[in-house]
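Everything below concerns the one structure shown next.
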Amino acid sequence: MQDMQCYAEAMAQQPPKDSPIWGGRTDGAIYNCLFYTGGGAFPGTNGFTFWSATPPAAPAAVDPAVLAQQALSTLTVPSPTTGRYPAGLLQEGQPFTVVNAYTWFWTDPGSFRALTARADAGGVWAQVTVTPTALSFTPGDGAATVSCPGPGVAWQPGDGVWAASPAGCDYRYPHSSIRQPDGQVTATYGIQWSVTWTSSTGATGTLPDLTTTSNATFAVAEVQSVVIR
(Lines give C-alpha, C1' and ligand atoms only; values in the text may rest on other atoms or scores of the structure.)
Protein backbone atom coordinates (compact mmCIF):
# COMPACT_ATOMS: atom_id res chain seq x y z
CA MET A 1 0.00 0.00 0.00
CA GLN A 2 1.39 3.39 -0.95
CA ASP A 3 -0.27 5.33 1.87
CA MET A 4 1.03 2.93 4.54
CA GLN A 5 4.38 2.31 2.81
CA CYS A 6 4.01 -1.46 3.10
CA TYR A 7 2.80 -4.56 1.26
CA ALA A 8 -0.73 -5.64 2.18
CA GLU A 9 -2.17 -9.12 1.84
CA ALA A 10 -5.25 -10.71 3.31
CA MET A 11 -4.59 -12.99 6.26
CA ALA A 12 -4.80 -16.58 5.08
CA GLN A 13 -6.76 -17.47 8.21
CA GLN A 14 -9.12 -14.66 9.17
CA PRO A 15 -9.55 -13.94 12.92
CA PRO A 16 -12.90 -14.75 14.53
CA LYS A 17 -15.53 -12.05 13.92
CA ASP A 18 -15.66 -11.31 17.65
CA SER A 19 -11.95 -10.43 17.66
CA PRO A 20 -11.32 -6.76 18.65
CA ILE A 21 -9.52 -6.11 15.36
CA TRP A 22 -12.88 -6.31 13.53
CA GLY A 23 -14.24 -3.46 15.60
CA GLY A 24 -17.71 -4.99 15.44
CA ARG A 25 -17.67 -5.12 11.64
CA THR A 26 -18.78 -8.14 9.67
CA ASP A 27 -17.77 -7.11 6.15
CA GLY A 28 -14.37 -6.69 4.54
CA ALA A 29 -11.30 -8.57 5.69
CA ILE A 30 -8.26 -8.36 7.94
CA TYR A 31 -4.95 -7.71 6.18
CA ASN A 32 -1.30 -7.98 7.09
CA CYS A 33 0.78 -4.89 6.30
CA LEU A 34 4.37 -6.02 5.82
CA PHE A 35 7.31 -3.63 5.51
CA TYR A 36 9.89 -4.29 2.82
CA THR A 37 13.30 -4.70 4.41
CA GLY A 38 15.37 -5.99 1.52
CA GLY A 39 15.27 -9.55 2.78
CA GLY A 40 16.03 -8.64 6.39
CA ALA A 41 13.71 -8.03 9.31
CA PHE A 42 13.83 -5.58 12.17
CA PRO A 43 12.44 -6.81 15.53
CA GLY A 44 9.15 -5.14 16.38
CA THR A 45 8.80 -3.43 13.00
CA ASN A 46 7.97 -6.31 10.68
CA GLY A 47 4.37 -5.19 10.10
CA PHE A 48 0.87 -4.93 11.57
CA THR A 49 -2.72 -6.00 10.85
CA PHE A 50 -5.69 -3.86 9.89
CA TRP A 51 -9.28 -4.08 8.65
CA SER A 52 -10.35 -2.89 5.21
CA ALA A 53 -13.74 -3.07 3.49
CA THR A 54 -12.08 -3.56 0.09
CA PRO A 55 -8.71 -4.96 -0.99
CA PRO A 56 -6.09 -2.18 -0.65
CA ALA A 57 -4.61 -0.80 -3.85
CA ALA A 58 -1.31 -2.33 -4.80
CA PRO A 59 1.74 -0.05 -4.75
CA ALA A 60 2.65 1.52 -8.06
CA ALA A 61 5.04 -0.59 -10.07
CA VAL A 62 8.64 0.57 -9.76
CA ASP A 63 10.13 1.59 -13.11
CA PRO A 64 13.70 0.23 -13.31
CA ALA A 65 14.61 2.95 -15.82
CA VAL A 66 13.80 5.54 -13.15
CA LEU A 67 15.93 3.63 -10.66
CA ALA A 68 18.76 3.63 -13.20
CA GLN A 69 18.56 7.42 -13.41
CA GLN A 70 18.65 7.59 -9.62
CA ALA A 71 21.70 5.31 -9.52
CA LEU A 72 23.46 7.47 -12.11
CA SER A 73 22.85 10.59 -10.03
CA THR A 74 24.88 9.07 -7.18
CA LEU A 75 28.01 8.65 -9.31
CA THR A 76 30.81 11.20 -9.56
CA VAL A 77 32.04 10.75 -13.13
CA PRO A 78 35.62 12.08 -13.33
CA SER A 79 36.87 14.77 -15.68
CA PRO A 80 40.09 14.09 -17.60
CA THR A 81 43.48 15.22 -16.41
CA THR A 82 45.38 17.24 -19.01
CA GLY A 83 48.61 15.40 -19.79
CA ARG A 84 50.55 16.87 -22.72
CA TYR A 85 53.91 16.71 -24.50
CA PRO A 86 55.81 18.83 -25.55
CA ALA A 87 55.45 20.60 -22.25
CA GLY A 88 57.58 23.08 -20.36
CA LEU A 89 57.78 26.84 -19.87
CA LEU A 90 58.81 29.63 -22.20
CA GLN A 91 61.03 32.44 -20.97
CA GLU A 92 57.90 34.44 -20.13
CA GLY A 93 56.66 31.57 -17.96
CA GLN A 94 53.98 30.33 -20.38
CA PRO A 95 53.47 26.59 -20.81
CA PHE A 96 53.95 25.60 -24.44
CA THR A 97 53.87 23.04 -27.20
CA VAL A 98 55.62 23.23 -30.58
CA VAL A 99 54.38 23.97 -34.11
CA ASN A 100 54.22 20.85 -36.35
CA ALA A 101 55.38 18.56 -33.54
CA TYR A 102 53.14 15.69 -32.48
CA THR A 103 51.47 17.11 -29.40
CA TRP A 104 50.60 14.08 -27.31
CA PHE A 105 47.55 14.28 -25.07
CA TRP A 106 46.50 11.84 -22.37
CA THR A 107 44.56 11.47 -19.14
CA ASP A 108 45.37 9.62 -15.94
CA PRO A 109 44.23 5.99 -16.50
CA GLY A 110 42.56 6.19 -13.09
CA SER A 111 40.02 8.60 -14.57
CA PHE A 112 39.35 6.29 -17.53
CA ARG A 113 37.60 3.28 -16.02
CA ALA A 114 34.09 1.90 -15.76
CA LEU A 115 31.93 2.92 -12.80
CA THR A 116 28.82 1.25 -11.40
CA ALA A 117 26.05 2.20 -8.99
CA ARG A 118 22.81 0.60 -7.89
CA ALA A 119 19.44 1.86 -6.63
CA ASP A 120 16.70 -0.20 -4.94
CA ALA A 121 13.03 0.46 -4.31
CA GLY A 122 9.97 -1.69 -3.70
CA GLY A 123 11.82 -4.96 -4.13
CA VAL A 124 13.27 -3.87 -7.50
CA TRP A 125 16.87 -2.86 -8.20
CA ALA A 126 18.63 -1.34 -11.18
CA GLN A 127 22.38 -1.13 -11.72
CA VAL A 128 23.92 1.47 -14.00
CA THR A 129 27.35 1.13 -15.63
CA VAL A 130 29.21 4.16 -17.00
CA THR A 131 32.00 3.15 -19.39
CA PRO A 132 34.62 5.45 -21.00
CA THR A 133 34.70 5.07 -24.77
CA ALA A 134 37.10 7.76 -26.03
CA LEU A 135 39.42 10.60 -25.08
CA SER A 136 38.98 13.72 -27.19
CA PHE A 137 41.13 16.80 -27.71
CA THR A 138 39.78 20.07 -29.12
CA PRO A 139 43.00 21.96 -29.91
CA GLY A 140 41.63 25.48 -29.50
CA ASP A 141 43.06 26.81 -32.78
CA GLY A 142 39.81 26.43 -34.72
CA ALA A 143 40.54 22.90 -35.93
CA ALA A 144 38.16 20.00 -35.40
CA THR A 145 38.24 17.76 -32.35
CA VAL A 146 40.42 14.65 -32.55
CA SER A 147 39.98 11.55 -30.40
CA CYS A 148 41.41 8.16 -29.53
CA PRO A 149 39.76 5.06 -28.03
CA GLY A 150 41.69 4.94 -24.76
CA PRO A 151 43.27 7.23 -22.15
CA GLY A 152 46.41 7.78 -24.23
CA VAL A 153 49.92 7.19 -22.92
CA ALA A 154 52.28 9.59 -21.22
CA TRP A 155 55.33 10.55 -23.26
CA GLN A 156 58.68 9.14 -22.05
CA PRO A 157 62.17 10.26 -23.09
CA GLY A 158 62.75 6.92 -24.81
CA ASP A 159 59.85 7.66 -27.16
CA GLY A 160 61.85 10.27 -29.06
CA VAL A 161 61.28 14.00 -29.31
CA TRP A 162 59.30 14.03 -32.57
CA ALA A 163 57.49 10.68 -32.42
CA ALA A 164 53.75 10.25 -32.83
CA SER A 165 51.79 8.82 -29.90
CA PRO A 166 51.51 5.03 -30.21
CA ALA A 167 47.97 5.36 -28.80
CA GLY A 168 46.94 7.72 -31.60
CA CYS A 169 46.27 10.49 -29.07
CA ASP A 170 48.08 13.38 -30.73
CA TYR A 171 47.58 16.54 -32.79
CA ARG A 172 49.94 18.70 -34.87
CA TYR A 173 49.45 22.46 -34.60
CA PRO A 174 50.07 23.95 -38.07
CA HIS A 175 50.66 27.51 -36.82
CA SER A 176 51.99 29.28 -33.76
CA SER A 177 49.54 30.89 -31.37
CA ILE A 178 51.08 34.36 -31.67
CA ARG A 179 47.85 35.73 -33.19
CA GLN A 180 45.63 34.09 -30.58
CA PRO A 181 44.36 36.00 -27.51
CA ASP A 182 47.29 36.40 -25.09
CA GLY A 183 49.37 34.40 -27.59
CA GLN A 184 47.90 31.11 -26.32
CA VAL A 185 45.29 28.49 -27.16
CA THR A 186 42.89 26.83 -24.76
CA ALA A 187 42.53 23.13 -25.53
CA THR A 188 39.61 21.10 -24.20
CA TYR A 189 40.11 17.48 -23.13
CA GLY A 190 37.00 15.30 -22.97
CA ILE A 191 36.12 11.78 -21.90
CA GLN A 192 33.07 10.30 -23.62
CA TRP A 193 31.05 7.84 -21.54
CA SER A 194 28.37 5.32 -22.53
CA VAL A 195 25.68 4.56 -19.95
CA THR A 196 23.87 1.20 -19.73
CA TRP A 197 21.69 -0.39 -17.09
CA THR A 198 20.34 -3.76 -16.00
CA SER A 199 17.67 -4.60 -13.44
CA SER A 200 16.19 -7.34 -11.29
CA THR A 201 13.12 -7.41 -13.56
CA GLY A 202 15.21 -8.47 -16.56
CA ALA A 203 14.70 -5.10 -18.25
CA THR A 204 17.83 -3.41 -19.61
CA GLY A 205 18.53 -0.18 -21.44
CA THR A 206 20.75 2.78 -22.10
CA LEU A 207 20.82 6.38 -20.94
CA PRO A 208 22.20 9.35 -22.90
CA ASP A 209 25.97 9.41 -23.32
CA LEU A 210 27.97 11.71 -21.07
CA THR A 211 31.05 13.85 -21.67
CA THR A 212 33.28 15.25 -18.94
CA THR A 213 35.80 17.96 -19.84
CA SER A 214 38.83 19.90 -18.62
CA ASN A 215 40.72 22.81 -20.18
CA ALA A 216 44.43 23.55 -20.59
CA THR A 217 45.88 26.86 -21.83
CA PHE A 218 49.34 27.05 -23.42
CA ALA A 219 51.33 28.69 -26.20
CA VAL A 220 52.12 27.05 -29.54
CA ALA A 221 55.70 28.10 -30.24
CA GLU A 222 58.04 28.01 -33.22
CA VAL A 223 60.78 25.56 -32.35
CA GLN A 224 63.59 28.09 -32.75
CA SER A 225 62.02 30.40 -30.15
CA VAL A 226 61.48 27.80 -27.43
CA VAL A 227 63.31 28.47 -24.18
CA ILE A 228 62.81 25.81 -21.51
CA ARG A 229 63.51 26.40 -17.86
Side-chain angles (χ1 to χ4, degrees), residues 1-15 19 21-23 25 27-81 107-136 145 147-152 167 188-214:
M1 292 182 64
Q2 289 178 292
D3 56 345
M4 294 185 181
Q5 296 296 305
C6 63
Y7 296 95
E9 61 180 6
M11 294 181 66
Q13 184 173 352
Q14 293 286 302
S19 174
I21 195 171
W22 286 94
R25 305 177 187 90
D27 61 337
I30 306 301
Y31 293 83
N32 284 318
C33 193
L34 304 174
F35 297 117
Y36 176 71
T37 60
F42 303 99
T45 62
N46 59 341
F48 57 91
T49 57
F50 66 96
W51 171 88
S52 179
T54 57
V62 176
D63 185 348
V66 173
L67 288 182
Q69 287 277 12
Q70 293 176 5
L72 179 62
S73 70
T74 68
L75 283 175
T76 300
V77 184
S79 297
T81 58
T107 185
D108 182 343
S111 64
F112 201 91
R113 59 184 178 84
L115 306 169
T116 61
R118 178 168 151 165
D120 301 74
V124 177
W125 59 259
Q127 179 169 293
V128 67
T129 301
V130 181
T131 306
T133 58
L135 176 67
S136 64
T145 299
S147 65
C148 51
T188 300
Y189 293 63
I191 300 178
Q192 284 73 53
W193 307 83
S194 66
V195 186
T196 60
W197 59 268
T198 59
S199 72
S200 58
T201 68
T204 63
T206 62
L207 297 176
D209 291 348
L210 303 175
T211 300
T212 54
T213 61
S214 300

When you look at Thr212 and Tyr189, which way does the side-chain contact (heavy atoms from CB on, under 4.5 Å) test go after all the steps? CA-CA 8 Å; Thr212 54; Tyr189 293 63; over 6 Å; no
Can any side-chain N or O of Trp125 pair as donor or acceptor with the backbone N or O of Thr198 at less than 3.5 Å? no
Search all heavy atoms of Leu135 against all heavy atoms of Pro80 and return the closest pair with its distance. CD1-CB, 4.3 Å
Between CZ of Phe112 and OG1 of Thr133, what distance do you get to the nearest 0.5 Å? 6.5 Å
Determine the minimum heavy-atom distance between Met11 and Thr49, stating which atoms define it. SD-CG2, 4.1 Å
Could you check whether Thr206 and Thr196, counting side-chain N and O atoms only, form a donor-acceptor pair closer than 3.5 Å? no
Roughly how far, to the nearest 0.5 Å, is CG of Asn32 from CD of Glu9? 6.0 Å
Without swapping roles, check the side chain of Thr81 against the backbone of Asp108 for a donor-acceptor pair under 3.5 Å. yes
For Val195 and Asp209, the nearest pair of non-hydrogen atoms, with its separation, is N-OD1, 4.2 Å
Does any non-hydrogen side-chain atom of Thr129 lie less than 4.5 Å from one of Trp193? no
Could you tell me whether a side-chain N or O of Trp197 sits under 3.5 Å from a main-chain N or O of Pro64, the two making a donor and an acceptor? no
Measuring from atom CD of Gln70 to atom CG of Asp120, what distance do you get when rounded to the nearest 0.5 angstrom? 10.0 Å
Qualifying residue for side-chain contact (heavy atoms from CB on, under 4.5 Å) with Val128, from Leu75, Thr74, Thr116: Leu75
To check you understand the geometry: which heavy-atom pair defines the closest contact between Pro132 and Val130, and what is its length? CD-O, 4.1 Å
Please report the shortest heavy-atom distance between Pro109 and Pro151, naming the atom on each side. CA-CB, 4.4 Å
Output, in order, the C-alpha distance, side-chain angles, deciding distance and verdict of side-chain contact (heavy atoms from CB on, under 4.5 Å) for Ser199 and Leu67. CA-CA 9 Å; Ser199 72; Leu67 288 182; over 6 Å; no
Does CZ in Arg25 sit with more than 12 non-hydrogen atoms of other residues, nucleotides or ligands closer than 6.0 Å? yes
Closest heavy-atom contact between Leu207 and Gln69? CD2-NE2, 3.6 Å
